[in-house]
K.L.:
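I'd like to ask you about the structure that follows.
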There are 2 protein chains.
Amino acid sequence: MLSERQMMILRAVVRDFTNTGVPVGSKALAKQLPIHVSSATIRNEMAALEEQGLIKKTHSSSGRIPSVEGYRYYVDHLVKPDPLRPNDIDVIQSSLGGDFHKIDEIISQSATILSNLTSYTAFTLKPELKDSRLSGFRLVPLGKRQIMAILVTDSGDVENQTFDVAGDVDGEQLEAVVRLINDQLVGLTLPEVLKKLQADIPVQIANYLQSPQGFLDIFGDVLTRAAQERFYVGGRLNLLNFSQDSDVDSLKSLYSLIDKTDDIASVLGQPSDKISVRIGNEMTNDALRNFSLITATYDVDQHGQGMIAILGPTRMPYSRMLGIVGAFREELAKKLLDYYRFYDE
Amino acid sequence: MLSERQMMILRAVVRDFTNTGVPVGSKALAKQLPIHVSSATIRNEMAALEEQGLIKKTHSSSGRIPSVEGYRYYVDHLVKPDPLRPNDIDVIQSSLGGDFHKIDEIISQSATILSNLTSYTAFTLKPELKDSRLSGFRLVPLGKRQIMAILVTDSGDVENQTFDVAGDVDGEQLEAVVRLINDQLVGLTLPEVLKKLQADIPVQIANYLQSPQGFLDIFGDVLTRAAQERFYVGGRLNLLNFSQDSDVDSLKSLYSLIDKTDDIASVLGQPSDKISVRIGNEMTNDALRNFSLITATYDVDQHGQGMIAILGPTRMPYSRMLGIVGAFREELAKKLLDYYRFYDE
DNA sequence: TTTAGCACTCAAACTAATCAAGTGCTAAGA
DNA sequence: TCTTAGCACTTGATTAGTTTGAGTGCTAAA
């Protein structure tokens, strides 16, 4: 249990340290705090806070920095999101204001905006229905030996892949295969499709194609890509900013983490309606030891739920970041509603 | 004009320095060289080499390192490409041995292989006919309001883009537009298409579509993407290895360079049949001051000419790198010939 | 032309000294 | 009981001074 004064001090320590990056001492606090107490008093309080594991020293006679638990307490009980700066509002308005022809452009642009506003790395995920279903499949002959496979889901995702085939393309065979897929698989959820693809479909396809394996590979490939959540990343290079001392190896593992869709998904975790902050080693991944992750969902009514996230150093100004994330999620939802309204009605 | 002995010394200096990274002194050379002379003699020769600007000191009493001119002389007159190590051959065989369904997979895989072999950053460009022509265009309706535009060139490049349209999709209008494009534009080179697109096409399209601008934007977009050379990059992260001292800013500008297709293209420069080495500030781009670039073309007979490249620190073991690039360009050409043979005949 | 010898230079590694910021603790005061 | 002035102490950072070792240029003799 913390006293009012202890909370005040903890808040000041976190704010000071996130702003300056320098351990904060009792004297500086005494000068800065709204109440009038001596540095000795503050020292006593700080000793108490340290006792509880909320702050710690970097060496025996240094000032204090927040521990992970201290940040946690701060984020849970003390922080108040900053309102957006006028400048931030301008940036959002002007970057999101234009016309877009695709959902993905809006989402990808959002990642860039978020990374610009924060100067950290940002992730965005477009709104997804919980289980999207296969709504269409096409095979489009392109040239002598080239075919494009296109797969569409009812949430509007499109995946496609071009491949070369040996031997002549037989239009009727293609037709038959497409009809088969559309008859048997459209309307199922993607995992269901995948299951069927391993069971009865190959047998049936064998009626139309001499060598169905190649085709099944392609189809499976496009299918798994469609089933995967697709994150956009903005401000990759910003990770370099806090790499100062940290070695090249950890940077490398960080980047490979970021570039693997599966890994990001597991790090970002399950969506929750609140804005969530995960701090340092609260994330199991070792490469993220010195980072914090702020995630938030956004709702686009019946069009599903999406996600935005910011990855920055543990030592980030949480109040400002929470303000940005909170405001942006709403701006984005609004923009998307407009978009859907325009194209759906 | 260099004497035999001076060449021998220059070669040894470059080899030593590229291997160890430490300035090389007269004593070490005296021990290492095949001829038997004292370190004092070597010192005299080195003074002569320095006189000619081929080597230089890092400070007044240090050993010597090659200057850009020294590397240049070495690469032009002294280096002999190393033969591949058995291990390298294995890597190439196993990574390039499998079956591929697309040219692009082979090319992109090649960038990865090259970066693995060298532990530098590698670029690959697929074989291109000098001026490829538009060979087909499709508009595929996907859902209620979604359309995919597909563009095919006679060199087998495929570009596509999905976009949303307001209002109902009218099948007949689409048909008409596609027919128009195919009638008027197929067979032209891409720059010609682009020119026509700005001149008479819009007028004609206005007959079929109420608001042609949206469509023209999309088509132009896909077109320019198809016209662009598309590089694959392997081993991006390897750039971090030589960043030790170099600051974050220059790293950032390096990465933004690498991620812009246009910029890479301009850096890689015009293809030449020989293997070309550009060293440090021989490239105008300032971010590349401490790097060298090895580029080579490969020919796939009537299927055109492609390019591979390696970007690493100026201080790279040129003999080994030249060996790898030389061998790999041939392996790749062979593999592609096989591929075309399989799908074309 | 080569080479032994020598004085000289400079970065790097190590040592010692000083500084500044901060702490804990004690004892006196409110 | 809480607050605070005072003081001894700790520690990382900075600075200056030393030492070491690799290397150089130059001279003079072979």
Side-chain angles (χ1 to χ4, degrees), chain A residues 1-10 12-67 70 244-245 315, chain B residues 1-10 12-17 19-67 70 244-246 315:
Chain A
M1 213 46 302
L2 298 191
S3 70
E4 276 303 313
R5 194 165 67 183
Q6 285 169 341
M7 290 188 194
M8 181 186 290
I9 290 175
L10 177 57
V13 169
V14 174
R15 272 217 307 241
D16 235 52
F17 182 68
T18 51
N19 284 333
T20 67
V22 176
V24 9
S26 54
K27 236 184 203 158
L29 280 183
K31 233 179 276 170
Q32 187 189 114
L33 285 182
I35 56 174
H36 190 74
V37 285
S38 76
S39 66
T41 308
I42 305 232
R43 276 204 290 285
N44 291 333
E45 297 285 39
M46 285 173 106
L49 286 172
E50 185 165 15
E51 185 85 7
Q52 303 191 47
L54 297 174
I55 57 179
K56 60 187 179 185
K57 302 187 253 193
T58 61
H59 62 88
S60 82
S61 74
S62 78
R64 304 305 211 295
I65 65 173
S67 67
Q244 327 97 314
D245 52 332
R315 197 216 111 189
Chain B
M1 213 47 301
L2 298 192
S3 70
E4 275 304 314
R5 195 164 67 184
Q6 285 169 340
M7 289 188 196
M8 180 185 291
I9 290 176
L10 177 57
V13 169
V14 174
R15 272 216 309 238
D16 235 51
F17 182 67
N19 284 333
T20 67
V22 177
V24 10
S26 54
K27 239 189 203 153
L29 279 183
K31 234 180 277 171
Q32 185 189 116
L33 285 182
I35 56 175
H36 191 75
V37 286
S38 77
S39 66
T41 308
I42 305 234
R43 276 204 290 286
N44 290 333
E45 296 287 39
M46 285 173 105
L49 286 171
E50 185 166 15
E51 185 85 9
Q52 302 192 47
L54 297 175
I55 58 180
K56 60 186 177 185
K57 300 188 254 194
T58 60
H59 62 88
S60 81
S61 73
S62 78
R64 304 307 212 293
I65 65 175
S67 67
Q244 327 97 314
D245 53 332
S246 94
R315 196 216 112 189

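Quick note on labels: first sequence line is chain A, next is B, and so on, each numbered from 1.
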K.L.:
Between the protein and nucleotides 10-13 of chain D, which nitrogen or oxygen pairs are less than 3.5 angstrom apart?
P.N.:
| residue | atom | partner | partner atom | Å |
| --- | --- | --- | --- | --- |
| D/dT10 | O3' | A/S60 | OG | 3.0 |
| D/dT10 | O2 | A/S61 | OG | 2.4 |
| D/dT11 | OP1 | A/S60 | OG | 3.4 |
| D/dT11 | O4' | A/S61 | OG | 3.2 |
| D/dT11 | O3' | A/H59 | ND1 | 3.4 |

K.L.:
Please state how far atom CD1 in A/I42 lies from atom C1' in D/dC2, giving the value in whole angstrom units.
P.N.:
15 Å
K.L.:
Looking only at atom types and distance, does a side-chain atom of B/S67 sit under 3.5 Å from a main-chain N or O of B/L54, one as donor and one as acceptor?
P.N.:
yes
K.L.:
Between A/I35 (CD1) and D/dT4 (P), how many Å, whole number?
P.N.:
9 Å
K.L.:
Does B/K57 place a side-chain N or O at less than 4.0 Å from the phosphate oxygens OP1/OP2 of D/dG25?
P.N.:
yes
K.L.:
Donor-acceptor pair, A/T41 side chain versus A/V37 backbone, under 3.5 Å?
P.N.:
no
K.L.:
Between atom CG in A/L29 and atom C1' in C/dG22, what is the gap in whole Å?
P.N.:
12 Å
K.L.:
Could you write out each protein N or O paired with an N or O of nucleotides 2-6 of chain C at a distance under 3.5 Å?
P.N.:
| residue | atom | partner | partner atom | Å |
| --- | --- | --- | --- | --- |
| C/dT2 | OP1 | B/R5 | NH1 | 3.2 |
| C/dT2 | OP2 | B/R5 | NH2 | 3.2 |
| C/dT3 | OP2 | B/S38 | N | 3.0 |
| C/dT3 | OP2 | B/T41 | OG1 | 2.6 |
| C/dG5 | O6 | B/R43 | NH2 | 3.2 |

K.L.:
Give the rounded distance in Å between these two atoms: CE of A/M46 and C1' of D/dT3.
P.N.:
17 Å
K.L.:
Is it true that the side chains of A/R315 and A/T18 contain a donor and an acceptor less than 3.5 Å apart?
P.N.:
no
K.L.:
Figure out the CD1/P separation between A/I65 and C/dG22, and round it to whole Å.
P.N.:
14 Å
K.L.:
Within a strict 4.5 Å, meaning less than it, do heavy atoms of the B/I65 and B/V13 side chains meet?
P.N.:
no
K.L.:
Rounding to a whole Å, what distance do you find between B/E51:CD and D/dT24:C1'?
P.N.:
15 Å
K.L.:
When you compare the side chain of A/R64 with that of A/K56, does any pair of heavy atoms fall below 4.5 Å?
P.N.:
no
K.L.:
Between B/Q52 and B/L2, is any pair of side-chain heavy atoms under 4.5 Å apart?
P.N.:
yes
K.L.:
Distance check needed: D/dG25 P versus B/L49 CG, whole Å only.
P.N.:
12 Å
K.L.:
Heavy atoms, side chains only, cut-off 4.5 Å: are B/Q32 and B/V24 in contact?
P.N.:
no
K.L.:
Are any side-chain N or O atoms of B/S39 and backbone N or O atoms of B/A30, one a donor and one an acceptor, separated by less than 3.5 Å?
P.N.:
no
K.L.:
Report yes if the side chains of A/I35 and A/M8 come closer than 4.5 Å at any heavy-atom pair, otherwise no.
P.N.:
yes
